[in-house]
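Structure first, commentary second.
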Amino acid sequence: MECKIVEFTSKGDERGQLVALEQGREIPFPIKRVYYIYDTKTDVERGFHAHKQLEQVAVCVKGSCKFRLFDGIEKMTVELSTPEKGLHIKGMVWREMFDFSPDCVLMVVASLPYDEADYIRDYDKFLEMTKR
Ligand code: T46
């Protein structure tokens, strides 16, 4: 699966912590969009789609949440619980996000502007498209 955890360097000093994300360094694609998900209600699950072209790095800048990932072959569950790690999601991967802590702020850096046509929201269609 073309998804992996990436570690960031925190520039900590006596004042606290700072993480910088730069295109070409921590973010391996041209940055076209940033969005964040917060105030997620208890027991809510989100996602339930794949993307045709989009590449993303997701970072839990506060709190925690989990991702279920499936590329048509391999399944993986990942917990994000620190601003010092991100999840790089690449390729056609079905994603579901769950177990959001009440304080969770999930920031996502994306390679393309928002485009509903890039989404595959139908699971059967996703299975069909990933069949090899
Ligand atoms: C993803 C996971 C991790 C916009 O108008 N612009 C945007 O950039 C985004 C991301 C969403 N929207 C609209 C579309 C929907 O009306 O915001 C609403 C909620 O989006 P959605 O239901 O797709 O949210 P999630 O949490 O299910 O999925 C999001 C991203 O859409 C998706 O690309 O990989 O987070």
Side-chain angles (χ1 to χ4, degrees):
M1 178 173 318
E2 289 184 281
C3 293
K4 61 172 197 265
I5 292 289
V6 283
E7 301 209 7
F8 309 130
T9 303
S10 183
K11 312 278 182 187
D13 60 26
E14 65 287 351
R15 297 169 300 170
Q17 304 295 325
L18 184 154
V19 171
L21 305 181
E22 280 187 33
Q23 174 177 317
R25 288 168 63 97
E26 294 79 7
I27 306 298
F29 48 75
I31 299 169
K32 292 287 164 52
R33 177 166 55 114
V34 176
Y35 61 92
Y36 36 93
I37 295 168
Y38 61 101
D39 263 359
T40 306
K41 306 304 173 217
T42 312
D43 294 332
V44 161
E45 302 203 346
R46 305 188 60 123
F48 296 89
H49 59 257
H51 282 283
K52 295 174 190 161
Q53 302 292 338
L54 189 68
E55 202 176 326
Q56 305 190 101
V57 173
V59 186
C60 233
V61 292
K62 188 154 181 68
S64 62
C65 71
K66 292 178 185 156
F67 276 74
R68 273 183 226 111
L69 304 166
F70 179 46
D71 66 358
I73 298 176
E74 204 183 330
K75 289 188 176 176
M76 192 164 124
T77 299
V78 172
E79 179 168 18
L80 295 178
S81 58
T82 166
E84 295 176 15
K85 285 183 186 172
L87 172 64
H88 182 199
I89 309 174
K90 194 182 172 187
M92 207 182 289
V93 174
W94 189 263
R95 81 245 10 226
E96 299 170 3
M97 297 95 81
F98 64 107
D99 262 6
F100 287 86
S101 63
D103 60 345
C104 178
V105 181
L106 177 65
M107 182 187 77
V108 183
V109 180
S111 65
L112 294 169
Y114 174 70
D115 178 9
E116 189 56 39
D118 190 63
Y119 284 72
I120 304 157
R121 294 192 185 270
D122 181 321
Y123 191 64
D124 290 336
K125 188 175 170 200
F126 165 76
L127 291 178
E128 192 58 41
M129 290 175 84
T130 52
K131 215 186 266 175
R132 318 212 170 167

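Whatever order the structure lists ligands and atoms in, that order sets their numbers, starting from 1. These values consider heavy atoms only, across backbone and side chains, with no hydrogens, waters or symmetry-generated copies.
At a 4.0 Å heavy-atom cut-off, ligand 1 touches Ile37 through the side chain alone.
Any N or O atom pair closer than 3.5 Å counts here, and Gly47 shares at least one such pair with ligand 1.
The closest side-chain donor-acceptor pair between His88 and Glu55 falls under 3.5 angstrom.
Atom CZ of Arg95 and atom CZ of Phe48 lie 12.5 Å apart (nearest 0.5 Å). Atom CD1 in Ile89 sits 12.5 Å away from atom NZ in Lys4 (nearest 0.5 Å). Here the straight-line distance linking atom OG of Ser64 with atom CG of Asp103 works out to 7.0 Å at 0.5 Å rounding.
Considering only non-hydrogen protein atoms, atom 29 (C) of ligand 1 sits nearest to Tyr35 OH, 3.8 Å. Summary of contacts: the protein heavy atom closest to atom 20 (O) of ligand 1 is Arg46 NH2, 4.4 Å. The closest protein non-hydrogen atom to atom 16 (O) of ligand 1 is Tyr114 OH, 4.9 Å. At the top of the distance list for atom 3 (C) of ligand 1, counting protein heavy atoms only, stands Met97 CE, 3.4 Å.
Remark: Asp43 CG is loosely packed, at most 12 non-hydrogen atoms of other residues, nucleotides or ligands lying under 6.0 Å away. Heavy-atom neighbours of Gln53 CD from other residues, nucleotides or ligands within 6.0 Å: at or below the threshold of 12.
For the ligand labelled ligand 1, residue Tyr119 lies inside the 4.0 Å heavy-atom shell. In this structure, His49 has a heavy atom closer than 4.0 Å to ligand 1. Proximity of Arg121 to ligand 1 is established by a heavy-atom distance of less than 4.0 Å.
Within ligand 1, counting atoms from 1 as listed, the ones closer than 4.0 Å to a heavy atom of Arg95 are 34 (O).
Considering each of Gln56, Arg33, His51, the one bringing a non-hydrogen atom nearest atom 33 (O) of ligand 1 is His51.
Within the 4.5 Å cutoff, the side chain of Ile73 has no heavy atoms near those of the Lys75 side chain.
Aromatic ring pairs are classed by plane angle as parallel below 30°, tilted from 30° to 60° and perpendicular above 60°; the pair Tyr38 and Tyr36 is tilted. The aromatic rings of Trp94 and Tyr123 sit perpendicular to each other, their planes meeting at more than 60°, with 30° as the lower class boundary.
In this structure, atom 24 (O) of ligand 1 has a protein heavy-atom contact shorter than 4.0 Å. There is a protein heavy atom less than 4.0 angstrom from atom 6 (N) of ligand 1. Atom 18 (C) of ligand 1 is not flagged as protein-proximal [any protein heavy atom, distance under 4.0 Å].
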